[in-house]
Amino acid sequence: MCGIVGYCGPRDPVDVVVAGLRRLEYRGYDSAGVAVPADGRIREVKKAGRIANLEAALAADPLPSSGAGIGHTRWATHGAPVDLNAHPHVSADGRIALVHNGIVENWASLRTELEADGVAPVSETDTEIAVHLLARAVAGGIDLTTAMRQVAPRLEGAFTLVAVDAHDPGTVVAARRNSPLVVGVGQGEHFVASDVAAFIAHTREAIELGQDQVVTITADTVEVTDLDGAPGEVRPYHVDWDLAAAEKGGHDWFMRKEIHEQPEAIAHTLLGRHDVDGRLVLDELRISEEELRLVDTIVVIACGSSFYAGMVAKYAIEHWARIPCEVELASEFRYRDPIVGPRTLVVAISQSGETADTLMAIRHARAQQARVLSICNTNGSTIARESDAVIHTHAGPEIGVASTKGFLTQLVACYLLGLYLAQLRGTKFDDEIAAVVAELERMPVMVQQVLDDHGVVTELAAELAGARSILFLGRHVGYPIALEGALKLKELAYIHAEGFAAGELKHGPIALIEQDLPVFVVVPPQGRDQLHTKVVSNIQEIRARGARTVVLAEEGDPIAAAHASVLITLPKVSTLLQPLVAVVPLQLFACELATRQGHDVDHPRNLAKSVTVE
Ligand code: AGP
């Protein structure tokens, strides 16, 4: 997820674009850059790091005035966050500049085509491929708008492209597919941006763009077409958010925004990781297939919510790949003198990629000759750099301290890893793997369904705002979700909350049950072994002792519903994938209850987004 701004009009485009990028910095802050068409060529400045670095570079070496400009603040997906990979990217002839948000899945084949044409991309990014395709098109005599219509259909994946042509200095051209782009309509000036936060300081009149549309702006005109040049539907609207709300997509808190971004985050994490037949393609893994076949033990290392994602991974990896999988708290791992060696695959899960406990643990593992694969959301982070291989979760920046989309995309990455290992080792047939991949592809819709159906959770949060203690129960993959639900409540509402394995209740925790004590119970899908029956009997045990049972169960589960004081229905999904839908109501509940208590859910007390001390 990156921030993009384009401008045409009488103001200094560099000032307008950089100010807009500042308001989009929450969308990505690995690097930033700006480009203007001037004197028949592209002039650009781009720097790794925060936008302040770009501003310092511009102060030292100002760009010339121009009638148009584009800019970008990056959240790296392909290519480390260094100057060379920063956007804008410029064509070899210096004529076209391009910024991009999203992922071009077929960048490798397009790169091969360009190299065969004698074009030598210089960066590690998928974006640069698109700028060379545009330059090759306009060199044939067509304008940038026509070139955009030719190039966009060749790109597979999700993208917002915004470009300028030095031979047409008063124009900006953009295209979008599965990635946000909005037009700002001013008086004698126009904007394109990832979201309205970039331009509502100048105008509140906007135009929403549809899928596969191309928009061409000048200071005085806006032209919207679809890819074959036919006029596109124009959907104008008035923006009534203030700037703060605009940065949060209209939500009150980044955490709530990020909970609602989860369908898109899942879709982006799946992008480019399997082929049309459902075969896994994890080309970012730099551990050879041969080495992975020899792995005899997997040790997942993580902290907090990431540890709970690792617990889910254990069930999936062992079920699909039949490899023994342990899950260890990073802070405990190296102090227990672990037995690891060359045939151990250590999987480090970390949203920030900077957690000191996890970093020290993987250093210890590597010193014992283990191979390390990390699952990270932050490209170029320390843990990613010190791993043998990385699976990036493409959740985009997670601003809220409490992890939501970061956690959900970790689950997706863990499922992809488990399926990849099963595919590699032949422990699952291709059709079985493809069936799970197909279900994963349906998860954005399933999660959206849970998000849309949040009325029960919102009412429950109002009722329980004064609760002093809330318990969470789950079994199998529901157990880590119970732990995660409890953690969300602890870290956001500062309420005592505890998660238990449902089967452990009778071994002590049931003594906690008293009249009206709220207990959330994650009920597995029906039909899977004895899991469902046993959890239902756990619910009966606590109801008999007066508990208020908040039951999360799949739709069409009358048995679970019969024992619910409050029923939260989940979409029907397979047992191992149920965490993807079961955790969402618990996130919404914790966020709603904490905000009702007046807490700042984006910056909970005593917590940091990245714990870089042991
Ligand atoms: C998540 O809600 C917490 N803020 C915390 O437990 C977090 O998951 C943990 O600190 C690990 O962070 P990491 O994923 O960045 O390594």
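Please read all numbers here as calculations on a predicted model, not as lab measurements. Each ligand, and each atom within it, is numbered from 1 in the order the structure gives. Values below: all heavy atoms of this structure, side chains included; hydrogens, waters and symmetry mates excluded.
The local environment of CH2 in W75 is crowded, with over 12 non-hydrogen atoms from other residues, nucleotides or ligands closer than 6.0 Å.
Residues Q351 and K609 meet the side-chain proximity criterion, which asks for heavy atoms closer than 4.5 Å.
Formation of a donor-acceptor pair under 3.5 Å by the E258 side chain with backbone atoms of G406 is not found in this model.
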With the criterion set at N/O pairs under 3.5 Å, what does the list of contacts between the protein and ligand 1 look like, atom names and distances included?
from	atom 1	to	atom 2	distance (Å)
ligand 1	2 (O)	S305	OG	3.3
ligand 1	2 (O)	S403	N	2.9
ligand 1	2 (O)	K488	NZ	2.9
ligand 1	2 (O)	E491	OE1	3.3
ligand 1	2 (O)	E491	OE2	2.6
ligand 1	4 (N)	V401	O	3.1
ligand 1	4 (N)	E491	OE1	3.3
ligand 1	6 (O)	S305	N	3.3
ligand 1	8 (O)	S305	N	3.1
ligand 1	14 (O)	S306	OG	2.6
ligand 1	14 (O)	Q351	N	2.7
ligand 1	15 (O)	Q351	N	3.4
ligand 1	15 (O)	S352	N	2.8
ligand 1	15 (O)	S352	OG	2.7
ligand 1	15 (O)	T355	OG1	3.4
ligand 1	16 (O)	S350	OG	2.7
ligand 1	16 (O)	T355	OG1	2.5

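The cationic group of R74 does not satisfy the cation-pi geometry with Y29, failing either the under 6.0 Å distance to the six-membered ring centre or the 45° limit from the ring axis.
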Yes or no on ring pair (Phe, Tyr, Trp, His ring centres under 6.0 Å) for H268 and H394, after CA distance, side-chain angles and deciding distance? CA-CA 6 Å; H268 280 189; H394 296 311; 7.8 Å; no

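Using a cut-off of 4.0 Å between Lys/Arg side-chain N and Asp/Glu carboxylate O, E318 and K314 are scored as salt-bridged.
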